[in-house]
Every structure is written in structure tokens, then in C-alpha cells.
Amino acid sequence: MASIGDLRVNGKRLRESLERMARIGATSGGGVHRLALSDEDKEARDLFVKWLKDIGLKVTIDEMGNIFGKRAGRSNDLAPVMSGSHMDSQPQGGRFDGILGVMATLEVLRTLYENNISTERPIVIVNWCNEEGSRFSPAMVGSGVWAGALDRDWVYNRTDIDGKRFEDELIRIGYKGREPCVRHPTYCYYEYHIEQGPILEREKKIIGVPKGIVGIHWYDIYLEGEANQVGPTPMEGRRDALCAAAEMILKVNTLPQRVGGNLVATVGEIQNYPNSRNIIPSKVHFTVDIRSWDDDHAQRAWEMLRQDFEQIALRRGCPMQIEDTWNVSHSPFDKSLVERIFRISTTLGYPSLYMVSGAGHDASYMNQVCPTAMIFVPSVGGRSHVEVEMTKWEDCEAGANVLLHAIIQSANEKDKIGPSIQ
Ligand SMILES: [Zn+2]
């Protein structure tokens, strides 16, 4: 090896690690079913911990079941560089979501280990507990508690569909560790993940460089109608809450087209009362999810939608109530780290693209704690959270090489304050 810049990960070994992990909870359709705190999750964790110890990492497990592996640096009083993701999956999920970021960080550390390369700062690999939130909601609780955004005991008492408590299941699989789950000084955080969308494939790029995570705006709409027998009640004069909702839902669907710019809008949940074929619907509740990188644009779009809703509600004689349920502004990642990812990708010869993440990740919480950036690679057909989820092996390797050099560069920075902290 002529210089550190020539260093590359072992793509074959990365593939073998991913394939080995994909056998744990493998489904007949080629995916994995590895729900948080299940027997499969335990099996994957046991193997992961063994692999960490094989390369001499100091393993700690905290009281939320997050697993950390620390590789010492030359100056161990300096805050470490952290990188990782999650190993749990969606039900009947894919072989790449989450696990790619964990296995690629492991591959980076194996590469440093076998080449005897030391860094100034320590490096920490992390597997965050219950990122998916499909067995125990909400999502991203491991990083959320660690970052101080969620309460540990509240998460402990969350239950799955069978009434099993989070904490009891954590104890059952042997991963309620002794370390307190509190944030440690961290120099920066990288998370490498599949894109889960179609943009990189469409644009024929290999590396996606998210500038941050989109703003997410949630609203709950409540409509009042008038219940009546469907047979004897003539059509004119009806106050049918479901018909009002139907018109509104189509307004949501066409909103992005009407306002232009970068925005998506979705109604994902609806309740109709009394939900009987015999009774004109008297009450409807539905949700609206608007996501955009541009908070002002999202706000303007919502104002327009609200006027549409008001007109429809008035015309159909259905009084409406709107609740502003949740509103998070767009969350830009650390600019210098984002630019670093792009620069490294270019240097390594990978076509790359600045983009935004439309989904939440553990990186969302880490972005509140320390300078954070992500690396995306293409999802074949833009598909994710399904058994056919696929990323080409050479793309997996490409992203791992970008991660390798991003970690090395950050881990060799000596200044204690770190890159700009937002
Ligand atoms: Zn994920």
C-alpha cells in the first residue's frame, strides 16, 4: 500500500458477513424476519459481539441493549468517532436495511486491524436497539434514550402485540447491560444505510450524500357528519363525513403536484364511525403527513390544503377540527462532514449525488448530539422493508470504502472542539 489513500475494504468479506447475518431469521422469500429483542435478534447480537471481540474491541452493552465496540486510538482522552446503525428488521423485511451500516463499520475496523493502522481518536462501532419500531413502537428508541430525547422507563414499559414488556424481553435475551444509557462525548457520527428510494438508481449514481433529514409535519383531521339510516335518507341534504374525507384525501394526494417543489404528502390512517354499511358516516378521523426539505414551502402547502379542507367541510356541512400533532423542522447534517463524504466519493471515483433523507434514522437523534452525516447506496427498484430488498454487492463495497476514509479522516483530527456543532 503506497499511502493511506490507497486503502480499501475487503468487499468479499463484507458480503460474507452480510450473507452470514442474513441466515439469522431468513425467510422463504429471501428476506429476514429479525424483530427487536426476539430470539433471532439475540442470535445476531451474539455473533456480532463475537466478531467485535475477534478484533480486540472493548465491548460494552448499555441498559437499553445498545452494543458498543471501542477501538483505542493514540489519544484516548479525545472523544471517539462513532459509526453504526441497527441489526433489527421489519417483519418479513430485507437483508440490507440497517445491517449494512453495522457490517460495513465492522469491515472498516477489520481493515484497520489487519493493516495495523492506528488513529488519533478512538473509534466506536454501535448497534442501536430497536430502530424499526415494528415490534415495540416507536422507532429509534435505543438512540433516542442515549441522546436524551426519550425516557428510558417509558420505553421499558412499551409492550408488543402479545403484551410483552420491552424491558422483560431485553432481560430475556440477555442484553440488558449494566452501562447507563446516557450520551457520551462523541466527536462525530457516521451512518451508512441503503437509500430506500429510487433516486440514486434513476440518476445512475452510486453514492448518495444526504444533506440532512426532511422536515416532517403531522396533522390529525376530525370531521363531524350526521348519522342516519342509509335507505330512507335521500341523497340531498346528507352530511356524510366519509365523503368529505374522501374529497380531502384526494386534495392531499394532488398537493405536491399543485404546489411544485420538493414535497410529498400522504394520508396513511383513517377511522370511520360507526363504520357500518347501514349508517351514513357521522365521524371520521384521518392523518396527514407532509414532508419537505423546505419548511416554509411545507407551511405554505399546508395553508393551501387547509383552505381546501375548509371549503369542502363547509360545502358538505361537516364541521371540522384540525390538530397540529407533530412538527419537526428539517434537520441539516454537519456541513463539513457532508462535504467530506462527497469529496471522498469523488476521489474514489464513485458518481455521487447530494440528496435528502425522506425517512428517519438513528442519525436523526445523533444529529442532536454531535456532528453527523450519512452515506446512501442505491436500493434496486427503490424497494425497501420487503423481502426482495436488494443492493448490489459492488455498491455495498463502494459505500464501505467511503465510510472507511470518512472514519479515518475524522479519527485523525486532533482539535477537541470538533467540526461545527449545530
Ligand atoms: Zn434502517
Side-chain angles (χ1 to χ4, degrees), residues 14 17-18 21-22 24-25 27 31-38 40-41 44-45 48 64-67 82-107 125-147 149-150 189-201 207-210 212-214 216 291 331 333 341 355-367 372-391 395-396 399-400 402-403:
L14 172 61
S17 307
L18 286 163
M21 279 294 182
I24 303 172
T27 61
V32 292
H33 185 81
R34 199 167 49 229
L35 301 185
L37 313 187
S38 62
E40 293 78 20
D41 188 14
R45 287 161 173 268
F48 177 58
M64 277 297 295
N66 298 316
I67 303 174
M82 193 189 279
S83 173
S85 193
H86 61 96
M87 303 204 300
D88 66 326
S89 86
Q90 288 281 328
Q92 311 289 313
R95 291 172 295 154
F96 296 89
D97 181 356
I99 190 83
L100 174 63
V102 184
M103 290 301 107
T105 305
L106 175 65
E107 178 50 40
I125 179 174
V126 59
N127 167 46
W128 296 113
C129 183
N130 186 31
E131 192 275 346
E132 295 291 3
S134 39
R135 182 177 174 203
F136 296 97
S137 78
M140 307 184 291
V141 294
S143 54
V145 172
W146 194 87
L150 297 177
Y189 176 73
Y190 290 111
E191 185 164 346
Y192 171 29
H193 204 279
I194 54 170
E195 181 200 350
Q196 302 181 284
I199 294 167
L200 289 174
E201 189 175 73
I207 302 294
V209 188
I213 296 180
V214 294
I216 304 179
R291 299 183 187 208
S331 158
F333 289 146
I341 302 281
M355 55 192 307
V356 295
S357 173
H361 293 285
D362 291 306
S364 324
Y365 282 128
M366 290 308 288
N367 199 30
T372 291
M374 292 189 78
I375 301 164
F376 281 171
V377 283
S379 297
V380 174
R383 310 239 2 234
S384 175
H385 285 185
V386 286
E387 290 173 295
V388 297
E389 176 183 279
M390 180 67 199
T391 291
D395 293 349
C396 292
V402 176
L403 182 65

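Here the structure is a predicted model, which means the values were calculated and not measured. Keep in mind that the numbers below use all heavy atoms, side chains included, and drop hydrogens, waters and symmetry copies. For ligands, and for the atoms within them, numbers begin at 1 and follow the listed sequence.
At least one side-chain heavy atom of Glu201 sits under 4.5 Å from a side-chain heavy atom of Val380.
Between the side chain of Asp97 and the main chain of His385, no donor-acceptor pair closer than 3.5 Å is present. No donor-acceptor distance shorter than 3.5 angstrom exists from the side chain of Asp362 to the backbone of Trp128, with no hydrogens or angles considered.
Summary: NE2 is the N/O/S atom of His193 found nearest to the Zn ion (ligand 1).
If you check the side chains of Glu195 and Ser379, you find no donor sitting under 3.5 Å from an acceptor.
When distances to the Zn ion (ligand 1) are checked against a cut-off of 2.8 Å, His86 contributes an N, O or S atom below that limit. Residue Asp97 counts as close to the Zn ion (ligand 1), with an N, O or S atom under 2.8 Å.
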